[in-house]
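Here is the structure we will look at, set down as structure tokens.
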Amino acid sequence: QVQLVESGGGLVQAGGSLRLSCAASGTFFSINSMAWYRQAPGKQRELVAGITSGGSTNYADSVKGRFTISRDNAKNTMYLQMNDLKPEDTAVYYCNADIRALGVRMYWGQGTQVTVSS
């Protein structure tokens with residue numbers, strides 16, 4: 001089995017910061033790309049940031065310059081440093097990973113709530 005577990009969510013005021021973590025555990029050969037998605041009530045789930053196994057990154061326009069995605073391959077862990085948070089960042093943030101085990105498939109974490117107050 002493969003599990004993804006997010007942590008680091010919470011309640012912050014606008015302008016504050018949070019750092020999310022996503023740890024992968026279980027039996028697998030490698031983790032390819034990883035990404036953070038988020039979903040606010042009444043809205044579609046959207047891609048926030050992605051990162052390849054080699055460290056190439058991409059960001060949604062709404063978070064460029066404020067969020068930084070990174071990963072520690074030795075720990076099988078991905079991070080999202082979120083600075084200058086805005087109320088519109090409020091959502092459940094989900095970890096997504098493309099993982100090779102017996103085959104290759106996508107895995108999702110259960111999500112961590114981020115709430116930004118104004």
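Both backbone and side-chain heavy atoms feed into the values below; hydrogens, waters and symmetry mates do not. Residue numbers run from 1 in the order of the sequence given.
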Do the side chains of [X] and [Y] join up, straight or via other hydrophobic residues, at under 4.5 Å, putting them in one cluster?
X: Y94; Y: M34; answer: no
X: Y79; Y: Y37; answer: no
X: V92; Y: M82; answer: no
X: I51; Y: L4; answer: yes

**Asked** For the atom pair CE (M78) and CD (E6), what is the distance rounded to the nearest 0.5 Å?
**Response**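 It comes to 8.0 Å.
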**Request:** To the nearest 0.5 Å, tell me how far S117 OG sits from L85 CG.
**Result:**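 Taking OG in S117 and CG in L85, the distance rounds to 10.0 Å.
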**Asked** Is the side chain of R71 donor-acceptor paired with the backbone N or O of G54 at a distance under 3.5 Å, no angle test?
**Response**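 The answer is no, because no donor-acceptor pair under 3.5 Å joins these two groups.
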**Message:** Can a donor-acceptor pair be found, under 3.5 Å and without considering hydrogens, that links the side chain of Y59 to the backbone of I69?
**Reply:**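 Confirmed, Y59 side chain pairs with I69 backbone.
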**Asked** Do K86 and D89 meet the salt-bridge criterion of a basic N to acidic O distance under 4.0 Å?
**Response**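 Salt bridge between D89 and K86, a charged N being under 4.0 Å from a carboxylate O: no.
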I'd like to check the side-chain hydrogen bond (donor to acceptor under 3.5 Å, both in side chains) partners of [X]; sequence neighbours left out, ordered by chain and number.
X: D84; value: none
X: K43; value: none
X: T68; value: none

**Prompt:** What is the minimum heavy-atom distance between A40 and A91, and which atoms define it?
**Reply:**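 In this case the closest contact between A40 and A91 is N-CB, 3.8 Å.
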**Closest heavy-atom pair and its distance - L47, A35** =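 Looking at all heavy atoms of both residues, the shortest contact is CD1-CB, 3.7 Å.
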Let me check something: any side-chain donor-acceptor pairs from residues 8-26 under 3.5 Å, sequence neighbours excluded? List them with distances.
unit_1: S17; atom_1: OG; unit_2: N83; atom_2: OD1; d: 2.9
unit_1: S25; atom_1: OG; unit_2: Q3; atom_2: OE1; d: 3.1

**Asked** Any side-chain heavy atom of N32 sitting closer than 4.5 Å to one from S30?
**Response**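 With C-beta onward as the side chain, the pair touches.
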**Request:** Quick one: list whatever passes salt bridge (Lys or Arg N to Asp or Glu O under 4.0 Å) with E46, sequence neighbours left out.
**Result:**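 Salt bridge (Lys or Arg N to Asp or Glu O under 4.0 Å) list for E46, sorted by chain: R38.
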Extract all donor-acceptor atom pairs below 3.5 Å that involve side chains of residues 95-110 and protein atoms in other chains or at least two apart in sequence.
none

